[in-house]
Structure formats: C-alpha cells, structure tokens
Asks: 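Have a look at the structure that comes next, please.
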Amino acid sequence: RKLLAEDGMVVIVLPISSHDNRLLCEPEIVTRGFVYVKESEELLQELRNIAYDTVEAMSNRKRKDDTEISRAVRSAVSSYLFKQTRRSPMVIPVVTKL
C-alpha cells in the first residue's frame, strides 16, 4: 500500500497469440498515481517499445511460459522507469492469450 501511495502503478496489457507467442498488437499501458498521461506520452511510448521488444525476444527463444514473459517485461520496464524517473512504481504485466 505504501509503494502504491508513493510511486503509483503501471499495468501493461500484453495480448499474445496462443499459437506463436507473438504480440497481436502494441501493448497497452495504464498508469495510476505515477505520471500525468498527456505530459508523458513519450515515456509511455518508450514503455510500449520496451515491452514489445521484450516479448518478441522471448518468442524468438521459443519461451512459452506466461510467467517468464511477465517477469522479463516487469524487469525491463521497472529498470527503465527507475533510470528515467528515479521512482519505482508497481509494474503489473497482464498476459492475455488469444
């Protein structure tokens, strides 16, 4: 609760194909208590790019475990956010297989 109050949260929705583990479209980013969306569009686009690249790298290695994909995306996004903002919001990747 304390982390959410101080740094907010970032949810990354990842629609992934159940056939080949590739993203079906660009990841969707939802933030609460972290940044004002209209002023941070560049940061949010970079987060989409990082999430996309991470999932694509995982699918190229034939990793099919949703937990591994979530961990990799969480790690990459958390690291980037801390470097850019010096804040550590809760990062929640949501993998949806379609």
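Starting from 1, each residue takes its place in the sequence as its number.
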Asks: With N49, which residues qualify under side chain to side chain contact (heavy atoms under 4.5 Å, CB included), at least two apart?
Replies: Q45, E46
Asks: How close do I69 and M58 get, counting heavy atoms only, and between which atoms?
Replies: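 Heavy atoms of I69 and M58 come nearest at N-CE, 4.0 Å.
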Asks: Hey, mind stepping through L14 and V55 against side chain to side chain contact (heavy atoms under 4.5 Å, CB included) and telling me if it holds?
Replies: CA-CA 9 Å; L14 303 162; V55 172; 4.1 Å; yes
Asks: How close do S70 and P93 get, heavy atom to heavy atom, and via which atoms?
Replies: O-CG, 3.3 Å
Asks: Among residues at least two apart in sequence or on other chains, which ones pass salt bridge (Lys or Arg N to Asp or Glu O under 4.0 Å) with E56?
Replies: R22
Asks: Tell me, please, which residues at least two apart from E26 pass salt bridge (Lys or Arg N to Asp or Glu O under 4.0 Å).
Replies: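 Salt bridge (Lys or Arg N to Asp or Glu O under 4.0 Å) check on E26 returns R48.
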Asks: Is L98 isolated, or which residues cluster with it under the ILVMFWY side-chain rule of less than 4.5 Å, directly or via members?
Replies: L24
Asks: With side chains defined as the heavy atoms from C-beta onward, is the minimum distance between V11 and I29 less than 4.5 Å?
Replies: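 A side-chain contact is absent here, since even the closest heavy-atom pair is not under 4.5 Å.
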Asks: Can you tell me how far the CG atom of L23 sits from the CD1 atom of I16, to the nearest 0.5 Å?
Replies: 5.5 Å
Asks: With rounding to the nearest 0.5 angstrom, report the CD1 to CE distance, I92 to M9.
Replies: 5.0 Å
Asks: Determine all donor-acceptor pairs shorter than 3.5 Å in which one atom belongs to a side chain in residues 71-84; sequence neighbours excluded.
Replies:
from	atom 1	to	atom 2	distance (Å)
R74	NE	V91	O	3.1
S78	OG	R74	O	2.8

Asks: Is there any salt bridge (charged side-chain N to carboxylate O under 4.0 Å, His left out) pair reaching into residues 84-93, and which pairs are they, with sequence neighbours excluded?
Replies: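 Counting only pairs at least two positions apart or across chains, the salt bridge (charged side-chain N to carboxylate O under 4.0 Å, His left out) contacts touching residues 84-93 are D7-R87.
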Asks: Kindly give the heavy-atom pair with the smallest separation between T96 and P15, and that separation in Å.
Replies: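 Taking T96 first and P15 second, the nearest heavy atoms are OG1-CA, 3.3 Å.
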